[in-house]
Number of protein chains: 2
Amino acid sequence: MINTCIRLQADMVQIKSCREKLKANSKSFLQLGQILSLAGNEVRLKILFLLEEETELCPCDLSDILGMSIPAVSQHLRKLKDGDIIEARKEGQTIFYSLRNQHLKILRPFFKIINQQNSATQTV
Amino acid sequence: MINTCIRLQADMVQIKSCREKLKANSKSFLQLGQILSLAGNEVRLKILFLLEEETELCPCDLSDILGMSIPAVSQHLRKLKDGDIIEARKEGQTIFYSLRNQHLKILRPFFKIINQQNSATQTV
DNA sequence: TTTGTATTTAAGTATTTGCTTAAATAAGTA
DNA sequence: TACTTATTTAAGCAAATACTTAAATACAAA
């Protein structure tokens with residue numbers, strides 16, 4: 001980084017205040033950014049939505065529903081699990097994934113938007 | 001894609017129902033996914049938060065606040081603008097960016113979470 | 001113990017992302 | 001007009017992403 005703000009009109013008080021706000025919330029930006037980047041993938045967003053709707057699903061089912069390979073699904077599930085967004089329950093050789101409560105506060109509004117937009121297009 | 005679900009235990013009614021839900025909401029997944037992928041970048045999340053707090057900011061200010069080069073900031077702003085999340089206002093040679101109303105319904109909860117978590121750590 | 005099913009992991013690859021530096025626009029000022 | 005400032009755009013590149021196929025792991029059943 002070479003450039004910095006040159007212009008005389010710059011409000012240094014405002015800039016300093018903004019820098020402090022960022023610093024005070026740095027942990028939030030990191031954490032929320034990670035969750036949003038996980039949800040910001042169309043496949044993973046679908047997986048999360050399906051888990052909300054169906055309570056739990058296995059990689060095999062998801063592969064079938066999403067029409068994509070099992071390893072591809074498995075790798076998405078791994079990311080979601082690493083991000084503490086979903087959890088696994090083993091039953092025989094089947095592994096059932098479900099949403100964790102921890103981040104539902106952030107995710108629920110998304111599911112709501114998805115369902116609302118659908119009902120909106122239905123009524124129009 | 002070669003594999004598909006083999007197991008006999010698969011609930012075909014459930015799978016078919018899920019496929020239909022995805023199809024019915026396909027537009028929502030695409031649109032929401034795009035917004036979340038934009039917000040799911042730490043730099044862009046900070047930019048959005050700052051625009052909410054300060055109403056409007058120019059690339060020069062943002063570069064200074066974020067501690068990164070002007071072209072880097074400009075390219076993030078372009079993505080946000082292409083996604084209809086922010087809009088530009090020209091004043092002389094300065095361009096002020098601000099949040100558009102359209103997607104604030106989705107973004108507002110994020111800002112709320114950021115501010116809440118900060119006040120939470122302050123009190124602890 | 002061998003076979004089959006469910007899943008993960010690893011390695012390879014094409015695409016996307018996010019920066020860098022340099023050049024191009026655009027608008028004010030001398 | 002030339003010069004500065006604010007910003008964008010373009011080209012290049014390293015790293016991350018999301019898939020692929022093949023191999024490994026885990027469990028159940030024959």
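Convention: sequence-line order gives letters A, B, ...; per-chain numbering from 1.
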For B:A39 and B:L45, work out which heavy atoms get closest and say how close.
O-CB, 3.5 Å

So that I can tick it off, tell me whether A:K21 and B:E54 are bridged by a salt bridge, with the cut-off set at under 4.0 angstrom between side-chain N and carboxylate O.
yes

Can you measure A:I47 atom CD1 to D:dC19 atom C1' for me and round it to whole angstrom units?
13 Å

Taking CG from B:L45 and P from C:dT17, how many angstroms apart are they, rounded to a whole number?
17 Å

Sorted by first residue and then second, give each ring-ring contact (aromatic ring centres under 6.0 Å, His included) pair with at least one member in residues 20-74 of chain A; sequence neighbours left out.
A:F29-B:F49, A:F49-B:F29

Are any of B:N41's side-chain N or O atoms less than 4.0 Å away from OP1 or OP2 of C:dT17?
no

Which residues satisfy the side chain to side chain contact (heavy atoms under 4.5 Å, CB included) test with B:D84, sequence neighbours excluded?
B:R100, B:Q102, B:H103

When you measure from the side chain of B:A72, which nucleotide among C:dC19, D:dC19, D:dT7 comes out closest?
C:dC19

Between A:S63 and A:S69 the two heavy atoms that sit nearest each other are OG-C, 4.1 Å

Whole Å only: how far is the CG atom of B:L66 from the P atom of C:dT20?
12 Å

Filtered N/O pairs between nucleotides 8-11 of chain C and protein, under 3.5 Å:
from   : atom 1 : to    : atom 2 : distance (Å)
C:dT8  : OP1    : A:Y97 : OH     : 2.2
C:dT8  : OP2    : A:S74 : OG     : 2.7
C:dT8  : O5'    : A:S74 : OG     : 3.4
C:dT9  : OP2    : A:R78 : NE     : 3.1
C:dA10 : N6     : A:Q75 : NE2    : 3.2

B:K79 atom NZ is separated from C:dC19 atom C1', nearest whole Å, by 10 Å

Output yes when A:E87 and A:K81 qualify as a salt bridge under the 4.0 Å nitrogen-oxygen rule, no when they do not.
no

List in chain and number order the residues that pass salt bridge (charged side-chain N to carboxylate O under 4.0 Å, His left out) with A:R89, two or more places apart in sequence or in another chain; answer none if no residue qualifies.
A:E56, A:E91

Expressed in angstrom and rounded to an integer, what is the separation of B:F96 atom CZ from C:dA26 atom C1'?
16 Å

Just wondering, do A:D61 and A:L50 contact through their side chains at under 4.5 Å, heavy atoms?
no

Electrostatic pair B:K46-B:E53, nearest N-O below 4.0 angstrom:
no

Using a cut-off of under 3.5 Å, enumerate the N/O to N/O pairs linking the protein to nucleotides 27-30 of chain C.
from   : atom 1 : to    : atom 2 : distance (Å)
C:dA27 : N3     : B:Q93 : OE1    : 3.4

B:N25 side chain to B:S28 backbone, donor-acceptor under 3.5 Å:
no

Whole-Å gap separating C1' (C:dG18) and CG (B:L62):
16 Å

Report yes if some heavy atom in the side chain of A:L32 is under 4.5 Å from a heavy atom in the side chain of B:F111; otherwise report no.
no

Under 3.5 Å, which N/O atoms of the protein pair with N/O atoms of nucleotides 13-16 of chain C?
none

